There are 2 protein chains.
Amino acid sequence: MLSIGKLSGLTGVKVPTIRYYEQIGLLPKPERNEGGQRIYNNTSRERLNFIRHARELGFPLEDIRELLALSDSPDQSCDAIDAIAKRQLAEVEHRLVRLNALYKELERMVAQCTCGTVQTCRVIQVLGDHGLCVADHQKIMSHDIDQ
Amino acid sequence: MLSIGKLSGLTGVKVPTIRYYEQIGLLPKPERNEGGQRIYNNTSRERLNFIRHARELGFPLEDIRELLALSDSPDQSCDAIDAIAKRQLAEVEHRLVRLNALYKELERMVAQCTCGTVQTCRVIQVLGDHGLCVADHQKIMSHDIDQ
DNA sequence: CTTGAACCTCTAGTTACTAGAGGATGTAGC
DNA sequence: GCTACATCCTCTAGTAACTAGAGGTTCAAG
């Protein structure tokens, strides 16, 4: 008995996003009233909360799709779920390590800027010359540019 | 005197990406040989290295565009550059804090999974019920879902 | 002179949404 | 009952920063 707007308010997921989730098949197509507007129940609400929370934890939608499918068969072993969660954990850890390195280098770069002219700007110099980075830069940064 | 492939090899930026940067105006249109193929020189190489390094540090292309423009006028004050770098530093710091919180929660979630059936899976439970999160979750996660 | 790698342009796909047009429906107040 | 106005509908296109593929041309080695 929830309109899409109410559902949005309750879950914190924006209205167009809910429709988008329906479109890509993450949420089942809901009932409609005589006027053709979507009506939801508490089951949809729980499912949407699940999606939202998983998104907050950085799971990609494809993983969430899989998690939802798995959670629909409660008697199976939860190994598959565990694997997805662990994969995500490893992913986040990797990003964390990289981001930390970025942070350090940015910090160093900004700290060295004495704010004279562009010509002598340390930021521009460091950006232009990879050699001015910290020594173990290559190890961490080399082949993947991610955020 | 560099083909696009050579330039790619020297800078670590993929060939289609170089063409893409040219398309969006980050790199100037290079000379062409009689056959119509792009030929680059060391100036292009330096510019591309600059872009690459800034990307590795997480600067968005629009910021890089601005940094490149600024670096072309060497006698100006470098305040503007400093501002961009500091903004990026703050951004990275913010992401770092969030990612750390994510990591902790994922870790906790995975640790609690005793790997029985889906029905009792802690991962599924936590994802489904926001209340099972750590207490100060809301403070950190509330309004923006980013990676 | 042939063959295969490297180049060219162009379009469309990726992720996870967001924005906007143009129109229908629901609801509150009079 | 009527009039606003919020909310809803569908559809298309745009975002960032590329990546992939089609279909064709040019270059370099043997």
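Within every chain, numbering begins at 1; the chains are lettered A, B, ... in the order of the sequence lines, protein sequences first and strands thereafter. Remember, predicted model here, so these are calculated numbers, not experimental data.
- Here the side chains of Y20(B) and V13(B) are not in contact, with every heavy-atom distance at 4.5 Å or above.
- We find that CG of L7(A) is positioned 14 Å from C1' of dT7(D), with the value rounded to whole Å.
- Picking from dC18(D), dC17(C), dA16(C) the nucleotide with the shortest atom distance to the side chain of L61(B) gives dC18(D).
- Listed by first and then second residue, the side-chain hydrogen bond (donor to acceptor under 3.5 Å, both in side chains) pairs that reach into residues 1-19 of chain A come to none, sequence neighbours excluded.
- Between L26(A) and R65(A) the shortest side-chain heavy-atom distance falls below 4.5 Å.
- Each salt bridge (charged side-chain N to carboxylate O under 4.0 Å, His left out) pair with one or both residues in residues 34-45 of chain B, not counting sequence neighbours, appears once here: E22(B)-R38(B).
- Neither OP1 nor OP2 of dC17(C) sits under 4.0 Å from any side-chain N or O of K14(A).
- Here E91(B) does not pair with R87(B) in a salt bridge; the nearest charged N to carboxylate O distance is not below 4.0 Å.
- To the nearest angstrom, C1' of dG20(C) lies 18 Å from OH of Y20(A).
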* Structure fact -> Protein-proximity profile, nucleotides 3-12 of chain C, B/S/- by nucleotide at the 4.0 Å heavy-atom cutoff, equals ----SSB---
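- Rounded to an integer number of Å, the gap from I39(B) CD1 to dT26(D) C1' is 14 Å.
- Per the geometry, CD belonging to E34(A) stands 11 Å off P belonging to dT25(C), to the nearest Å.
- Nearer the 5' end of DNA chain C, as judged by each residue's closest nucleotide, is the contact made by T17(A), out of T17(A) and N33(A).
- Here the C1' atom of nucleotide dA17(D) and the CZ atom of R52(B) are 16 Å apart, to the nearest Å.
- Rounded to whole angstrom, the span from the CZ atom of F59(B) across to the P atom of dA17(D) amounts to 13 Å.
- Checking side-chain atoms of N41(B) against main-chain N and O of S44(B) turns up a donor-acceptor pair under 3.5 Å.
- With salt bridges taken as basic N to acidic carboxylate O contacts below 4.0 Å, none links K104(A) and E107(A).
- Atom P of nucleotide dG14(D) and atom CD1 of I24(B) are separated by 17 Å, given to the nearest angstrom.
- Between Y21(B) and dC18(D) there is a side-chain polar atom (N or O) within less than 4.0 angstrom of OP1 or OP2.
- Here the P atom of nucleotide dT18(C) and the CZ atom of R55(A) are 10 Å apart, to the nearest Å.
- Judged by closest nucleotide on DNA chain D, G35(A) is the one of G35(A) and E62(B) placed further toward the 5' end.
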